[in-house]
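Here is the structure we will look at, set down as structure tokens.
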Amino acid sequence: MKTVIKTSNLEKVYNGSVAPVRAVNNVNLEFQEGEFTAIVGPSGSGKTTFLNLIGGLDKPTGGQVIIDGTDIASLKESQLFDFRLKHIGFVFQSYNLIPVLTAKENVSFIMLLQKQSKDAMEKRAKEMLEQVGLSDKLNSRPNQLSGGQQQRVAVARALASKPKFVLADEPTANLDTESAFNLLDIMSRLNKEENITLIFSTHDQRVIERASRVITLVDGEVSKDEMFDR
Amino acid sequence: MNLIFTLAWRNLWRNRKRTLITMSSVFFAVILAILFFSMEQGSYDRMIDSLVRYSTGYMQVQDVLYHEEPSIDHAMLYDEEIRDLIARFDEQISFSVPRLQSFALIATESTTRGSMVMGIDPERELLLNDLSEDIVEGRFLSPGDEGLLLAKGLATILGAGVGDTIVLLGQGFQGATAAGKYAVQGIVDLKIPDLDNNTLYMTLEAAQWFFGADNRVTSLILMPENPSHTRRLANELLQELDREWYNILTWEELLVDLLNLMKFDMAGTAVMMIILYIVIAFGLYGTVLMMLIERQKEFALLFSLGMKRKILAGVCFLETLFMSVGGTIMGILGAIPIIAWFYHHPIRLTGQMAEAIAEYGFEPILPFSADLWIFYSQAFYVLVLSVLIGMYPVKKVFQLRIMDAKQ
């Protein structure tokens with residue numbers, strides 16, 4: 001299998017008020033194409049920081065994040081914007097959608113920034129919204145959608161531009177059980193169908209049970225890295 | 001570009017009430033500013049128009065020294081050369097009015113007083129103003145008349161009336177003695193007290209004879225076909241004139257004191273408008289600030305998805321521009337019918353204020369100006385204001401750190 005992301009001695013230290021805080025400490029990991037990985041650990045273990053680092057949203061204080069042979073820590077800000085646009089899909093816990101755009105426009109948004117043709121965007125957006133079961137909500141604004149529906153739109157958007165991998169930061173945290181299962185079913189299916197690498201930060205047992213790989217972080221360090229045949 | 005416009009436009013209407021209140025404040029400020037400036041400009045235009053018509057004309061040909069030292073010794077030669085020159089510019093000059101103006105002592109049997117003596121061409125003077133309609137006693141001058149017109153105030157001071165004889169004594173051209181006996185053939189009400197107490201009129205020929213200034217005038221008033229081309233015409237005429245002897249002054253140069261006074265007065269209005277716009281600017285700034293603060297997480301999301309800072313900055317800038325330009329356009333559209341109404345139906349003053357204005361020879365009305373610059377200038381000021389305020393979110397977007405915004 002092809003390695004999509006590789007981290008070497010990855011480190012993020014914050015200047016705390018009392019002493020420096022090591023949010024991510026010497027993490028060496030490789031993520032393969034098509035993997036469904038859950039990053040787990042207690043609050044403050046460094047899950048979100050780790051996702052921010054591999055997503056190019058934050059700069060490491062040490063080590064490397066190699067994606068497709070590029071150390072993204074060495075990229076300039078404008079290059080990072082382009083890199084994220086081309087290669088990474090994001091699903092956040094909340095504030096996922098642009099409030100003034102419809103579901104279809106939200107899904108098309110990244111493709112629009114990528115300057116894809118209008119027809120291609122339209123077709124792909126409809127296709128993705130159909131895949132997440134929201135073909136009847138194409139023209140609904142986020143405030144007309146439930147929390148679960150909003151997360152499904154966010155997933156559709158993350159996958160629509162066919163990124164190298166999708167980072168999801170606790171995507172089910174605010175969802176009820178039915179919505180969470182629904183979202184996970186969709187993500188599992190798309191992971192298999194589109195062969196897109198999915199990396200979650202979560203402490204939701206429902207997500208962990210679906211993941212083919214579970215990495216446990218404690219105090220910013222990898223304490224366990226388990227593979228499952230699911 | 002379409003994306004920027006769409007996002008900016010829709011963002012505006014996320015909080016409809018706030019946007020409408022902000023736009024309304026711009027709307028009212030623009031309407032107020034336009035009405036103030038229109039009223040002020042209208043009054044000044046009317047004043048200038050009256051002075052140009054009755055006093056200076058749009059431009060004057062004078063002896064090169066006359067403006068600095070307005071003495072009969074600096075009366076210019078009004079000969080064939082000047083007449084030919086005016087004739088060559090016939091298409092651009094509507095008409096010309098010669099005047100010979102100086103001072104003399106005026107005496108009746110019991111009273112003597114200094115007075116301005118104005119030599120006029122009766123027929124051409126009437127092209128410029130309605131002097132003949134201001135005759136309150138006797139008759140207006142005709143070519144060849146040897147009598148004179150006394151201003152009403154001066155006639156009262158002298159105790160002279162139509163048919164009386166008065167004596168004039170003064171200094172003529174280049175030291176000659178000017179003396180003569182004249183019959184009063186009419187009394188004219190000049191309305192403006194300063195003029196009314198100190199002016200008498202006689203025909204140009206009579207004045208030239210009195211001052212010993214044959215073929216000379218102190219000024220030749222020129223009225224252009226198109227007053228807005230006054231400066232250009234003055235420059236063209238200057239090219240043709242012998243600059244050693246002649247000069248041309250436009251009404252702006254002739255009425256420089258009045259114009260300075262108007263500018264000073266307008267500065268007062270401008271200060272008031274600046275205060276008004278500062279208040280509006282703070283309102284606009286408050287809205288922009290709120291829109292920035294409440295959307296930090298959304299900005300973080302947009303950056304995460306790969307939206308470049310310059311695009312988001314463009315969106316935020318356009319939002320400010322939409323609000324202010326929208327308010328301005330509504331303000332201008334709202335002001336147009338009001339100005340149009342008052343332009344055609346000026347406010348008529350009554351009471352003491354009306355009497356005071358009438359005394360100065362002006363109609364007691366508050367005229368409005370429909371000059372387009374008033375509209376353009378307000379649009380321009382608001383545009384500058386919104387560009388300045390719009391730079392704030394632009395700066396903030398470029399400074400924003402994704403991780404801070406995500407918190």
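Protein chains get the first letters and strands the later ones, always in sequence-line order, with residue 1 at the start of each.
Listed for the A:Arg84 side chain is a donor-acceptor partner under 3.5 Å among the backbone atoms of B:Ser304.
What you find for A:Phe109 and B:Met307 is that their closest heavy atoms are CZ-CE, 3.8 Å. Between A:Thr102 and B:Arg10, the shortest heavy-atom distance links the atoms N-NH1, 4.3 Å.
Of the inter-residue distances, the one linking A:Leu112 atom CG with B:Asn2 atom CG reads 8.0 Å to the nearest 0.5 angstrom. Rounding to the nearest 0.5 Å places CG of B:Leu7 at 5.5 Å from CG of A:Leu101.
Heavy-atom proximity under 4.5 angstrom to chain B picks out A:Asn52, A:Leu57, A:Asp58, A:Glu77, A:Ser78 from residues 42-79 of chain A. Proximity to chain A among residues 259-281 of chain B is not found for any residue, judged by heavy-atom separations below 4.5 angstrom.
Of the atoms belonging to A:Leu97, it is backbone heavy atoms, and not side-chain ones, that fall under 4.5 Å from chain B. Looking at A:Glu105, the atoms closer than 4.5 Å to chain B (heavy atoms on both sides) all sit in the side chain, from C-beta outward. Heavy atoms of A:Phe83 lying under 4.5 Å from chain B are absent altogether. Interface residue B:Arg309: backbone and side-chain heavy atoms are both found under 4.5 Å from chain A. Only the side chain of B:Ile402 comes within contact range of chain A, with heavy atoms under 4.5 Å apart.
When each of A:Leu113, A:Ile88, A:Val100 is scored by its heavy-atom pairs under 4.5 Å with chain B, the top score falls to A:Val100. For the options A:Asn143, A:Leu85, A:Ile98, heavy-atom pairs under 4.5 Å to chain B are most numerous at A:Leu85.
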